[in-house]
Structures are given as structure tokens and as C-alpha cells.
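Report on one structure; see the data block that follows.
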Protein chains: 2
Amino acid sequence: MPRTAERLDEKIRARNIRIILDVATEVFSRKGFDGTRIAEIAELSKLPKANIYYYFSSKQEIYSTIIAHLIAGWDDALSKLRADRDPADALRDYVRAKLEYTRGNPRESRLFASEIIQGARFLSESDRAHMRAATDKYVAVLDQWMQEGRMVTINARHFFIMLWGATQFYSDFEPLACDALHRKTISAEDYHVAAETIVNSIVGGVIPSCSTDKLL
Amino acid sequence: MPRTAERLDEKIRARNIRIILDVATEVFSRKGFDGTRIAEIAELSKLPKANIYYYFSSKQEIYSTIIAHLIAGWDDALSKLRADRDPADALRDYVRAKLEYTRGNPRESRLFASEIIQGARFLSESDRAHMRAATDKYVAVLDQWMQEGRMVTINARHFFIMLWGATQFYSDFEPLACDALHRKTISAEDYHVAAETIVNSIVGGVIPSCSTDKLL
DNA sequence: ATGTAACCTGACCAAGTCGTCAATTTTTAG
DNA sequence: CTAAAAATTGACGACTTGGTCAGGTTACAT
């Protein structure tokens, strides 16, 4: 049955792979690559350890699969930044989209952060090139806004780093965010206020309507 | 020799403990608690593994010692924020001090980030309470500035999170920062531009001199 | 010199690590 | 049904883990 049986074959296969990757994402995001034991993934998956190795040939293959998969999810928020849009609107949508993504995918976000902290050992060169290209593309959008006088002249690359860092914080460093906000958990409303605060602070300082170019 | 020999005894002791903690900080910051093997700490320390256990009774004791030690280093940057200062000056000094600290202590910064990502399992309640209190204290300073009309009304807690996230990024996620900036390493000059960019963006949006309160 | 406290360390242990494999059970196509 | 493909699994091996310990060496006060 090489062809016709694909549907149900894939159902069992797909289901188990999904469960394994789902659980592995959680564990890897908490323990990092070296700290993760596949026995723990097996337990939480309710599968015997050997069954994990039926679907994946090694711990690194599981890890790399997850990394490759989540890279694909990063571009959406950045797509809000188009040169023909109003800078303030575009940046507001970007910050909101970025926070929305990190809120909806905290484990993926944390796993990525963990991978970077550990030296980006398993982030492929093509993935990094992809991210560099994406950054360059949107840096160009900001630079165009600056040339058109629609935005204060700043270093666009550092500006992106600032936005990235500010938005990542809520899921990656959730315990700290909870402490800072006096919360047990970060609610959707908190994410909303976060977006408002970031946007009100940053956009107000970036948009030339208040001409703070030479404030310092 | 219970008293008189303390100097040289302490020299050997202090030196080895320093080396161990120094190496352990690097390894822990890269691998996290679970991923770190004390055999690796021993190798990099050029000490036999058993000698590590002569000075520390367990892996967790080494880890907790480092955590407790670095908590003490956080307050300095925040001390720049005093209510009687000019908000713009104070925030600028704060951002600079924070970036300077993270630049000079990247391993500690990374280790702390790693600990938080992994769920803050070894961050003591007293340490967390200390950090909460420090946040509250400086949130009050910002709130006072807002009441006095010296600062736009925003959520001070989210504002601190934004600053924290933006400044941590350069050391914690150095590979990403390098990619974004097209650098092999982040130089002192890059840190300087980072501070300028953050300050120019944020202060400009926060200081009411440009009255952007109702921009959105 | 000598005694003693501090320091050092090779060898060891029980438990856990990743990954393998042969044997079995389940699923599916025809 | 049957046969084969897919999925499952307990047991296992080679190695590594955190941690121990007995017996050694070094440093120093007297």
C-alpha cells in the first residue's frame, strides 16, 4: 500500500509527530538543548522512548525540526511595515502583531530565545541569512521614511533591536514581567497595555510631528 | 592555625572559588542549570572534579551562589533615577548605565536571562521581593514625574519592561544583535549608538516638550 | 622538626544518558 | 480473510552524570 493508504498512515504519523514536537517545544524551551532529556519528552508524550526514535533519529533532529518550523512564523509581524503606509500606523500594527504572536506562541518564542542565548548553535546559516535579509528589507523601509521626513533620523537597526527586545520580554521573561506588573499571569489586557505603552513612548519620540531631533 | 593563617589560606581558597565561579558563570550562562555538567566546569577550571566538590557541596550551591551574587549588581543603574533630577537626563543616564553594565558583564546578564527563561526556579523569593521593591520604588519616581507634568502619562511598569528588554538584548541575544547590525561582534561604539538610539526614541516620546499625549 | 589543618585527587558508585534492536502488535489494502 | 507495511515496545549497551571517599600532599604555626 504505497500510495492509497497515505491518509490514515499520515494520521497516526502526523498525530504522533505533532504530539512529540508539541511536548518537545515545551521542554526544550525550558531546559535548552543540553538540558532536555528525551526520556522526559517520552513521558509527557505518553509514548515509550523507543517510539520517539521511530519518528526521529536523534534529539538534534527534533530540535532542528522545531527551529526550522518556527522561523517561518516570524515574518508576519514585519509585513505590517510597508513604506507606503503611515509610519505611526505601521509601527503600531507591528508592535501589536509582534506582541500578539509572542502571546499566542510563548513556548516557541522562549525556545528561540533559549537557542540564541546558548549561542545559536543549531540555527542554520540559511535561517540566519533569511532573518538578516528580512531585517535589511525593513530597515530600508524605515530609512525611506526618514529620507521622506516622515520619521526622525535614528539608527533603524538599533531601533528594530529595541522593538524586538521590548516585545519579546513578556513571554520570554514572563516571571520578571509578572513581578514587575504585580501579576500572577500576564493577561490579554496586559498585552494590550504593553502595546499601548510601547507605541505611545516610541512613536511619540520617532514621529517628527514633535520635532525632537535635537532634543539631546 | 585557626586565625593567623587566614591570609594565605584565604588566598588559595579565594582564588579557586573565584576561578570556579568564573568558569561556572560562563558555562551556566550557555547551557542553563540542567545542561551544565560540573565535569566541564572542572575541565575549564583546570581542577579535578573532586576539588570542585571540596569547595561547593553541589551543583545547585554553585549556581545559587552566582545568582545571589549578581542580583547585587542590578541596583546601580536604577539609582540614576531620582525624582529630583531632570527626567530626560535621568533616563538617559539610566539607559547608558544599564547598557554599560550588560556590556561589561555579558555572562552574568546571560545567566540571569537563562534562569528566567527556565522558569526562575532558583531565584529565591527574597531576591524576587528585592527586585519587586526596586521596581516599585522607581515606578513611584516616574509616577511623580507624571503628576508634576514633567513626563507624558504612560504605564511606568510597562515602560520599565521596555527599557529592560531593549538594553538586555545586546548581550543576551548577541548573535541576533550581530546579525541585525551586520557585525561580527558588538563594539563599544555600537553600544554607544544603541544608547543614543534608545534615548532619542524613548525620551523624545516621553518628554512632554513635544506634547504627544493624544497623538494616537 | 613536627603536628595539624587545609588542600588535593584518582578511583569509584548508583543512577541516568542517548540511542539501538529484535520481536511483537496494530493497521491497512486488496 | 491474508500479507505486508506501519507502529509499538521492553530490554539492552556503552557511556556520562552528580556526587562520595579514602588516602594522599602541601602549607604553616610552633
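Any value given below was found using the heavy atoms of this structure, including those in side chains, with hydrogens, waters and symmetry copies removed. The sequence lines fix the lettering, A, B, ..., with proteins before strands; numbering per chain opens at 1.
Side chains of A/Thr25 and A/Asp22: no donor on one and acceptor on the other come within 3.5 Å. When only modelled atom types and interatomic distance are considered, A/Gln118 and A/Ser114 share a side-chain donor-acceptor pair under 3.5 Å. Residues B/Asp172 and B/Ser109 have side chains that bring a donor and an acceptor to within less than 3.5 angstrom of each other.
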Exercise. Stepwise, does the side chain to side chain contact (heavy atoms under 4.5 Å, CB included) test hold for B/Leu91 with B/Leu163?
Worked result: CA-CA 10 Å; B/Leu91 286 173; B/Leu163 292 187; 4.3 Å; yes
Exercise. Do A/Ser201 and B/Phe159 pass the side chain to side chain contact (heavy atoms under 4.5 Å, CB included) test, and can you show the C-alpha distance, the side-chain angles, and the key distance before you say yes or no?
Worked result: CA-CA 8 Å; A/Ser201 305; B/Phe159 185 71; 3.7 Å; yes
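The aromatic ring centres of B/His158 and A/Phe169 sit 6.0 Å or more apart.
Looking only at distances, no side-chain donor or acceptor of A/Lys98 sits under 3.5 Å from a matching main-chain atom of A/Asp93. With hydrogens and angles ignored, the 3.5 Å screen pairs no side-chain donor or acceptor of B/Ser64 with any backbone N or O of B/Glu61.
Nucleotide C/dT26 holds its P atom 16 Å from the CZ atom of A/Arg15, rounded to whole Å. Separating the CG atom of B/Leu47 from the C1' atom of D/dT25 is a distance of 15 Å, rounded to the nearest angstrom. For A/Glu40 and C/dA15, the CD to P distance is 20 Å, given to the nearest whole Å. Rounded to whole angstrom, the span from the NZ atom of A/Lys11 across to the C1' atom of C/dA29 amounts to 16 Å. In this structure, B/Glu43 atom CD and D/dT16 atom P are separated by 11 Å, rounded to whole Å.
Taking only side-chain nitrogens and oxygens, A/Asn51 comes nearer than 4.0 Å to OP1 or OP2 of D/dT8. For C/dC8, the OP1/OP2 oxygens have no side-chain nitrogen or oxygen of B/Tyr54 closer than 4.0 Å. At C/dA6, none of the side-chain N or O atoms of B/Arg13 fall inside 4.0 Å of OP1 or OP2 (strictly under the cut-off).
Within the 4.5 Å cutoff, the side chain of A/Thr135 has no heavy atoms near those of the B/Asp179 side chain.
Only at 4.0 angstrom or more do the heavy atoms of residues 16-29 of chain A sit from any atom of DNA chain C, so none qualifies.
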Scan nucleotides 19-22 of chain C against the protein and return all N/O pairs shorter than 3.5 Å with their distances rounded to 0.1 Å.
unit_1	atom_1	unit_2	atom_2	d
C/dG19	OP2	A/Tyr53	OH	2.7
C/dG19	OP2	A/Lys59	N	3.0
C/dG19	N7	A/Lys49	NZ	3.4
C/dG19	O6	A/Lys49	NZ	2.8

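The residue B/Tyr55 sits close only to the backbone: its heavy atoms come under 4.0 Å of sugar-phosphate atoms, none of a base.
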